[in-house]
Amino acid sequence: MGGFEMITRPKPEKFRLRRSMMFMNAQKPGLIKDAYIYGTDSIILDLEDAVAENQKDMARFSLYNAMKSIDYGDTEVIVRINGLETPHWQEDIRCCVAAGVDGIRIAKCESADDVKKKLKQPLTQPKKNLVLKRAEPY
């Protein structure tokens, strides 16, 4: 299958130092492919404000491919998803889970109750079948 293996992520540490966090636009593969070289404790890939409304699907695709083809080593990878009041958050979560990110931050979330109310309803099925192909290395 192309001669390369998918990157497997180590299980994140529950308690870890987060002295430095680098926020990056998940839509820009040229930036996120080398993010780990800066030596930050965490990289936060943004699917929310940094991504234009008509580019959300492309950003998810870029995020998924980066997570499956780039070895971030022990750098924690968090994704900031769109807020729960937007139509994008469910697809963002699906992509994050499929990609194997270390954590998810919800934009514009005021309390744990906001999340509990939304998650009482099951995630709906995707509107379209998105076929994610094996990522080619950057």
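The figures here come from the full heavy-atom set of this structure, side chains too, leaving out hydrogens, waters and symmetry mates.
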Peer 1: Apply the test salt bridge (Lys or Arg N to Asp or Glu O under 4.0 Å) to residues R18 and D41: give CA-CA distance (whole Å), side-chain angles for both, the deciding distance (0.1 Å), then the verdict.
Peer 2: CA-CA 5 Å; R18 291 180 181 94; D41 295 315; over 6 Å; no
Peer 1: Which atoms form the tightest heavy-atom contact between D57 and R60, and what is the distance?
Peer 2: OD1-NH1, 2.5 Å
Peer 1: Report the distance from atom OG of S42 to atom CZ of R19, rounding to the nearest 0.5 Å.
Peer 2: 10.0 Å
Peer 1: What's the separation between atom CD1 in I70 and atom CG in N65, rounded to the nearest 0.5 Å?
Peer 2: 9.0 Å
Peer 1: Check R80 against D46 and note the closest heavy-atom contact, atom names and distance.
Peer 2: NH1-OD2, 3.0 Å
Peer 1: Could you walk me through whether W89 and L47 pass the side chain to side chain contact (heavy atoms under 4.5 Å, CB included) check?
Peer 2: CA-CA 9 Å; W89 70 273; L47 289 173; over 6 Å; no
Peer 1: When hydrophobic residues are tied together by side-chain contacts of less than 4.5 Å, even through go-betweens, does V77 share a cluster with M22?
Peer 2: yes
Peer 1: Inspect the surroundings of CE in M21 and state if more than 12 heavy atoms from other residues, nucleotides or ligands are less than 6.0 Å away.
Peer 2: yes
Peer 1: Give the table of side-chain donor-acceptor pairs shorter than 3.5 Å for residues 23-31, with sequence neighbours excluded, one pair per line with atom names and distance.
Peer 2:
from, atom 1, to, atom 2, distance (Å)
N25, OD1, Q27, N, 2.7
N25, ND2, A50, O, 2.9
Q27, NE2, Q55, OE1, 3.1

Peer 1: Could you see if L45 belongs to whatever hydrophobic cluster contains V97? Use Ile, Leu, Val, Met, Phe, Trp, Tyr and a side-chain cutoff under 4.5 Å.
Peer 2: yes
Peer 1: Would you check, one step at a time, whether the test side chain to side chain contact (heavy atoms under 4.5 Å, CB included) holds for T75 with T40?
Peer 2: CA-CA 7 Å; T75 301; T40 63; 4.3 Å; yes
Peer 1: Please determine whether residues I44 and L63 belong to a single hydrophobic cluster, defined as Ile, Leu, Val, Met, Phe, Trp and Tyr linked transitively by side-chain heavy-atom distances below 4.5 Å.
Peer 2: no
Peer 1: Would you please name every residue forming a side chain to side chain contact (heavy atoms under 4.5 Å, CB included) with E53, sequence neighbours left out?
Peer 2: K56, H88
Peer 1: Find out whether D49 and K108 are in side-chain contact, i.e. whether some heavy atom of one side chain is under 4.5 Å from a heavy atom of the other.
Peer 2: yes
Peer 1: If you round to the nearest 0.5 Å, how far is CG of D114 from SG of C109?
Peer 2: 4.5 Å
Peer 1: Going only through I, L, V, M, F, W and Y residues with side-chain contacts under 4.5 Å, is there a path from V79 to Y38?
Peer 2: yes
Peer 1: Specify the closest pair of heavy atoms between I81 and I93, including all atoms of both residues, with the distance to one decimal.
Peer 2: CD1-CG1, 3.7 Å
Peer 1: I need the minimum non-hydrogen distance between Y72 and I32, along with the two atoms involved.
Peer 2: OH-O, 2.7 Å
Peer 1: Indicate the atoms forming the closest heavy-atom contact of I106 with G83, along with that distance.
Peer 2: CG2-CA, 4.4 Å
